[in-house]
Amino acid sequence: MAAGHDSAVMRKISETALSIWHYQGDELLAVDAINQPAVFMVSKRLIEARKSPDPKVVIDLDIDLKSLLHS
């Protein structure tokens with residue numbers, strides 16, 4: 001779990017595959033990705049690039065998270 005966050009949203013694919021996205025205000029701080037290595041890699045790149053997708057976008061399962069890297 002990320003220290004210093006004030007909100008978090010969950011992107012749940014199944015009972016055993018989910019990610020929790022931690023925010024401080026509008027800034028993405030960290031992502032806990034459980035059984036989702038691709039989400040881990042995308043979120044790591046988003047954080048490194050200082051890109052913070054809107055939580056409503058993150059929880060939308062119709063959105064390909066890789067597309068967020070190019071926005």
Side-chain angles (χ1 to χ4, degrees):
M1 179 175 281
H5 73 282
D6 60 17
S7 65
V9 295
M10 183 184 305
R11 181 180 174 97
K12 188 172 182 179
I13 303 299
S14 71
E15 292 299 318
T16 59
L18 59 95
S19 55
I20 303 168
W21 298 62
H22 303 274
Y23 290 84
Q24 174 67 42
D26 293 334
E27 181 183 0
L28 179 62
L29 295 180
V31 177
D32 295 315
I34 296 125
N35 294 325
Q36 293 194 305
V39 171
F40 172 78
M41 294 307 295
V42 168
S43 64
K44 180 180 174 183
R45 290 177 58 197
L46 286 168
I47 292 167
E48 288 171 350
R50 298 194 177 274
K51 293 185 177 186
S52 297
D54 187 295
K56 292 176 187 167
V57 172
V58 168
I59 62 173
D60 186 342
L61 297 179
D62 291 328
I63 293 179
D64 179 4
L65 293 177
K66 290 181 186 176
S67 70
L68 302 176
L69 293 168
H70 307 289
S71 59

State, yes or no, whether a side-chain contact exists between Leu46 and Leu69 at a heavy-atom distance under 4.5 Å.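 Result yes, sub-4.5 Å side-chain heavy-atom pair found.
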Flag the pair Ser43 / Trp21 as yes when at least one side-chain heavy-atom distance between them is below 4.5 Å, and no otherwise.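 Ser43 reaches Trp21 side chain to side chain.
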Run the side chain to side chain donor-acceptor pair (under 3.5 Å) test against Lys12 and tell me which residues pass, sequence neighbours left out.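 Partners of Lys12 by the side chain to side chain donor-acceptor pair (under 3.5 Å) criterion, ordered by chain and then number, come out as Glu15.
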Transitively linked via ILVMFWY side-chain contacts under 4.5 Å: Leu65 with Ile34?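 Unlinked, Leu65 and Ile34 end up in two clusters.
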Residue pair [X] / [Y]: nearest heavy atoms and the distance that separates them:
| X | Y | result |
| --- | --- | --- |
| Ile63 | Arg11 | O-NH2, 3.0 Å |
| Val31 | Ser19 | CG1-CB, 4.1 Å |
| Ile13 | Gln36 | CG1-NE2, 2.8 Å |
| Leu68 | Lys51 | O-CD, 3.9 Å |

Backbone N/O of Ile20 and side chain of Asp32: donor-acceptor pair under 3.5 Å: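 Between the backbone of Ile20 and the side chain of Asp32 there is no qualifying donor-acceptor contact (under 3.5 Å).
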Does Leu28 offer a backbone N or O that forms a donor-acceptor pair with the side chain of Ser52 under 3.5 Å?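 Answer holds: yes.
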For Asp6, is the CG atom crowded, meaning more than 12 foreign heavy atoms sit under 6.0 Å from it?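 Enclosed: over 12 neighbouring heavy atoms sit under 6.0 Å from CG of Asp6.
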Measure the spacing between CD of Glu27 and CZ of Arg50 and express it to the nearest 0.5 Å.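 Rounded to the nearest 0.5 Å, the CD-CZ separation comes to 6.5 Å.
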